[in-house]
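All values derive from a computational prediction rather than experimental measurement.
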Amino acid sequence: MTSNLQIYFVQITGIISLFFLHSCKPAISNNESDSIEPEKNTTELPADTMGIVKPTLGDQNNKNYSTLTTSKESAEKIKTFLHQKYLEDFDILKPADRKFSFFQTDFNNDGKDDYFVHLYGSYFCNAEGCTYLLLDNNLNEIAVLNNLYSPIYRSDKTTNGWNDIILFSPDILKDEQQYIKIAFKNGKYTYSPANAEKLDSIPSQNCIVMWDNKVSVKEFSF
């Protein structure tokens with residue numbers, strides 16, 4: 001009889017433990033759910049993701065800002081650089097022309113963040129796209145890329161030690177090969193739409209996507 005009671009007690013205890021285990025998962029409010037990344041499926045990706053991993057959403061002042069775009073320290077460094085670079089043009093730059101945003105991430109695998117800078121306004125943008133700068137961690141100018149459209153991808157593949165840059169093809173409406181690659185060759189990135197290498201596949205899930213329409217970037221002025 002005692003043995004049966006012990007077995008019954010163990011069974012009841014197990015049921016109660018399972019109940020609390022399942023009922024104590026932290027609740028997610030509606031306000032927080034948008035900032036939490038879903039678990040990534042390593043075997044099959046949803047069709048609408050195109051195999052691209054979005055940058056981590058920021059959790060500072062605005063949860064829609066990518067944390068790769070919000071560093072005030074980095075913004076001040078870039079601001080000083082841009083002010084010096086375009087000092088002679090300052091008299092003709094409108095306030096809208098003196099805005100910029102950036103993504104900071106390592107492009108040359110030295111363990112230090114580099115800066116991909118997007119310039120705005122009619123001075124830097126036209127119907128064919130906008131001007132972008134790539135600066136290394138010491139603010140050395142690695143590339144000036146004109147007439148680019150976003151989004152832009154930092155590829156997981158490298159050429160001569162630097163990550164490739166992937167863009168949508170300017171001929172996307174009439175070309176089935178929708179992506180082109182800019183590689184680091186002869187000590188620099190160069191971009192010529194006519195001679196750019198076309199890719200026969202979509203960017204991999206290890207790419208970093210910049211300036212897409214789902215993650216906001218913080219804008220600054222110089």
Side-chain angles (χ1 to χ4, degrees), residues 52 54-107 113-155 162-173 178-182 184 188-193 196 203 207-222:
I52 299 162
K54 299 295 188 292
T56 304
L57 293 180
D59 57 1
Q60 301 174 359
N61 296 329
N62 185 333
K63 292 188 178 182
N64 289 327
Y65 283 148
S66 166
T67 56
L68 304 180
T69 74
T70 57
S71 169
K72 292 182 179 179
E73 180 181 356
S74 298
E76 285 299 317
K77 291 169 59 177
I78 297 169
K79 176 180 178 179
T80 300
F81 173 86
L82 294 175
H83 194 281
Q84 294 174 349
K85 179 177 176 63
Y86 296 107
L87 182 61
E88 294 182 358
D89 302 316
F90 236 70
D91 290 341
I92 60 175
L93 291 178
K94 301 175 182 178
D97 300 326
R98 299 201 302 270
K99 292 186 178 296
F100 70 94
S101 61
F102 66 91
F103 273 80
Q104 61 179 73
T105 186
D106 191 359
F107 269 83
D113 281 338
D114 305 301
Y115 308 105
F116 208 116
V117 182
H118 183 347
L119 300 176
Y120 296 93
S122 58
Y123 190 83
F124 297 106
C125 300
N126 55 45
E128 296 180 349
C130 292
T131 296
Y132 292 77
L133 309 177
L134 179 59
L135 313 174
D136 70 12
N137 188 261
N138 295 317
L139 298 182
N140 296 310
E141 190 175 272
I142 305 303
V144 179
L145 302 170
N146 297 310
N147 301 331
L148 300 191
Y149 280 113
S150 59
I152 299 171
Y153 308 94
R154 194 210 69 173
S155 173
W162 288 76
N163 290 84
D164 297 334
I165 299 170
I166 299 176
L167 311 168
F168 279 116
S169 169
D171 299 323
I172 187 171
L173 296 179
Q178 296 183 349
Y179 297 94
I180 57 177
K181 180 181 79 173
I182 303 175
F184 188 81
K188 58 183 178 180
Y189 289 98
T190 56
Y191 171 56
S192 170
C207 290
I208 293 178
V209 60
M210 301 175 285
W211 294 287
D212 74 335
N213 58 6
K214 294 183 180 179
V215 180
S216 298
V217 297
K218 192 173 182 64
E219 291 185 359
F220 301 89
S221 297
F222 67 94

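- Residues meeting the side-chain contact (heavy atoms from CB on, under 4.5 Å) test with Thr105, sequence neighbours left out: Phe107, Arg154, Ile208.
- Applying the salt bridge (Lys or Arg N to Asp or Glu O under 4.0 Å) test to every pair with at least one member in residues 90-104, sequence neighbours left out, gives no pairs at all.
- Taking the six-membered ring where the residue is Trp, the centroids of Tyr120 and His118 are separated by under 6.0 Å.
- A pairwise comparison of heavy atoms in His83 and Phe90 identifies CD2-CZ, 3.4 Å as the closest pair.
- Considering only residues two or more places apart in sequence or on other chains, Asp136 meets the side chain to side chain donor-acceptor pair (under 3.5 Å) condition with Asn140.
- Between Asn126 and Glu128, the shortest heavy-atom contact is OD1-N, 2.7 Å.
- Each of Ile180, Asn146, Ile165 was compared with Tyr191 under the side chain to side chain contact (heavy atoms under 4.5 Å, CB included) criterion, and only Ile180 meets it.
- Note: Tyr179 and Tyr153 have perpendicular aromatic rings, judged against thresholds of 30 and 60 degrees for the angle between ring planes.
- Looking only at side-chain heavy atoms (C-beta outward), Leu82 and Phe100 come within less than 4.5 Å of each other.
- If you take SG on Cys125 and CG on Leu148, they are separated by 10.0 Å, rounding to the nearest 0.5 Å.
- A donor-acceptor pair under 3.5 Å is formed between the side chain of Asn163 and the backbone N or O of Ser155.
- Within the 4.5 Å cutoff, no side-chain heavy atoms of Phe116 are placed close to those of Leu68.
- Distance check, rounded to the nearest 0.5 Å: OG1 of Thr190 to CD1 of Ile182 gives 8.0 Å.
- Side-chain atoms of Ile152 and Phe103, non-hydrogen and from C-beta on, never get closer than 4.5 Å to each other.
- Separating the CD1 atom in Ile142 from the NZ atom in Lys188 is a distance of 12.5 Å, to the nearest 0.5 Å.
- Counting heavy atoms of neighbouring residues, nucleotides and ligands inside a 6.0 Å radius, atom NZ of Lys85 exceeds 12 of them.
- When side chains are defined from C-beta on, Phe124 counts as touching Leu93, because their heavy atoms get closer than 4.5 Å.
- Contact of the Tyr149 side chain with the Leu167 side chain is not registered, since no non-hydrogen atoms from C-beta on lie closer than 4.5 Å.
- Between the side chain of Thr80 and the backbone N or O of Glu76, at least one donor-acceptor pair lies under 3.5 Å.
- Scored by the side-chain contact (heavy atoms from CB on, under 4.5 Å) test, Ile92 finds Asp89, Tyr123 as partners (sequence neighbours excluded).
- Side-chain contact between Phe81 and Val117 is absent, with no heavy atoms from C-beta onward closer than 4.5 Å.
- Qualifying salt bridge (Lys or Arg N to Asp or Glu O under 4.0 Å) partners for Lys79, counting only residues two or more places apart in sequence or in other chains: none.
- Distance alone, capped at 3.5 Å, is enough to place a donor-acceptor pair between the Asp114 side chain and the Asn137 backbone.
- Atom-to-atom distance recorded for Gln104:CD and Ser66:OG is 9.0 Å, nearest 0.5 angstrom.
- One distance of note links CG of Leu134 with CZ of Phe102; it measures 13.5 Å at 0.5 Å rounding.
- Considering only residues two or more places apart in sequence or on other chains, Ser150 meets the side-chain contact (heavy atoms from CB on, under 4.5 Å) condition with Tyr132, Trp211.
- Rounded to the nearest 0.5 angstrom, Ile166 CD1 and Met210 CE are separated by 10.0 Å.
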